[in-house]
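Contents: one structure, followed by commentary.
Order of the sequence lines sets the chain letters (A, B, ...), proteins ahead of strands, with each chain counted from 1. Below, all heavy atoms of this structure are taken into account, side chains as well, without hydrogens, waters or symmetry copies.
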Amino acid sequence: MGEVIVITSGKGGVGKSTTTASLGVGLAMRGKKVALIDTDTGLRNLDILLGLERRIVYTLVDVAQKRVNYGQALVRHKKYSNLFLLPTSQVADKTAIEPEQMKQLVDTMRNEFDFILIDCPAGIEQGFQTAVIGADWAVVVTIPEVSAVRDADKIIGRLQAVNKDIKLIVNRIDPQMVKAGTMLDMTSIDDILSLPCIGQIPDDREVINASNQGIPIIEWSNTAAGRAYNDVVGRICGEDIPFKPFETEGFFARLKHVFGH
Amino acid sequence: MSIWDKLFGSSNNRSSKQIAHDRLKVVLIHDRANVSPDVMEHIKNDIIEVISHYMDIDKNAMEIALENDADSVALVANIPVNNMRHDAGVRRR
Ligand SMILES: Nc1ncnc2c1ncn2[C@@H]1O[C@H](COP(=O)(O)OP(=O)(O)OP(=O)(O)O)[C@@H](O)[C@H]1O
Ligand SMILES: [Mg+2]
């Protein structure tokens with residue numbers, strides 16, 4: 001029986017879809033059979049992030065409304081043959097899928113997949129309900145800003161009300177700013193939200209460079225964000241991976257580059 | 001607050017990270033209390049029960065609320081006392 005994880009945040013634009021794409025690829029690289037479900041109906045993105053936008057025939061809306069089987073709507077990843085995307089509709093809106101339909105779908109799909117990752121839309125309306133209902137546990141993504149952490153807390157309240165386990169990912173951390181005391185770090189966010197953290201992802205320009213090409217950043221294992229996502233995947237698979245301090249590009253970090261460490 | 005701040009009594013040079021942390025703590029206490037107004041009502045009833053063992057209080061005029069300054073929150077209760085009980089000094093149970 002597969003594990004179903006929803007990736008959610010409350011606030012928009014903090015990196016839910018980026019995270020879903022990288023975790024999906026990372027789990028597939030470890031040999032897991034993975035399905036990614038985009039529930040951001042009307043504003044779909046996951047197809048773009050995975051480079052699969054030209055292969056979509058049917059969508060989650062067709063599946064939920066029982067016009068086709070989920071198998072007909074799944075798009076296989078070009079490079080990782082055990083990774084699939086269930087895209088959503090770009091024309092319908094979030095009311096097109098009832099939470100109950102989603103739960104049924106996910107419970108059928110878990111017989112076939114090791115992991116199902118659900119990319120949740122921003123907000124706390126019906127789209128959120130639909131995304132969350134079938135999940136075993138939730139990843140809450142936030143960024144080190146007061147407004148994003150506040151929205152995350154609201155989502156956490158909603159998730160706890162329906163008894164979902166929650167793990168935190170803090171995205172877009174700028175190590176230099178943290179060092180200078182001008183940005184919240186993982187420990188202080190942890191302290192405020194009192195949740196276990198499974199990832200701290202640095203702010204990394206390569207994320208945009210990779211997504212321009214339809215490549216989830218985890219495929220670039222020499223990037224800071226790629227390495228951080230790889231650690232998250234390990235933790236999801238139950239490995240005990242300690243959090244490493246970020247390398248700030250100070251004198252010693254540069255020295256290490258020079259001497260090829 | 002760091003030892004430095006305590007010694008020099010300054011909050012101007014708190015780091016913005018520290019300020020963000022403190023503001024969040026305050027705002028989340030309010031957010032969480034507002035999400036479940038029942039909780040405040042339960043607290044109020046529990047306080048009434050405890051105080052009534054010792055004093056005769058005006059339950060209807062009683063108020064409790066969360067109040068805060070820049071970086072801390074207090075639960076403030078205003079409880080009008082009508083009378084003190086004779087047996088208040090006798091330890092209960
Ligand atoms: N670690 C990072 N470093 C740099 N840029 C990032 C990082 N994570 C995400 N981004 C960028 O932030 C933007 C928003 O990311 P993404 O679309 O994944 O967020 P989202 O939470 O899914 O947004 P929405 O709420 O609209 O669905 C994108 O441009 C993405 O490239
Ligand atoms: Mg998204």
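- Remark: B:L24 CG to A:R150 CZ distance equals 9.0 Å, nearest 0.5 Å.
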Apply the test side chain to side chain contact (heavy atoms under 4.5 Å, CB included) to residues A:T182 and B:K17: give CA-CA distance (whole Å), side-chain angles for both, the deciding distance (0.1 Å), then the verdict. CA-CA 5 Å; A:T182 54; B:K17 169 189 160 180; over 6 Å; no
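- Of all residues spanning residues 189-206 of chain A, those with a heavy atom less than 4.5 Å away from chain B's heavy atoms are A:D191, A:I192, A:L193, arranged by number.
- Taking A:S9 as the reference, A:K16 meet the side-chain hydrogen bond (donor to acceptor under 3.5 Å, both in side chains) condition, with sequence neighbours excluded.
- Counting heavy atoms of neighbouring residues, nucleotides and ligands inside a 6.0 Å radius, atom NZ of A:K154 does not exceed 12 of them.
- In this structure, the side-chain hydrogen bond (donor to acceptor under 3.5 Å, both in side chains) partners of A:D231, at least two apart in sequence or on a different chain, are A:K244.
- The side-chain heavy atoms of A:D153 and B:V27, taken from C-beta on, include no pair separated by under 4.5 Å.
- Residue B:S15 comes nearest to A:G181 through the heavy atom pair CB-O, 3.2 Å, listed as atom of the first residue, atom of the second, then distance.
- A:N171 is linked by a side-chain hydrogen bond (donor to acceptor under 3.5 Å, both in side chains) to nothing, counting only residues two or more places apart in sequence or in another chain.
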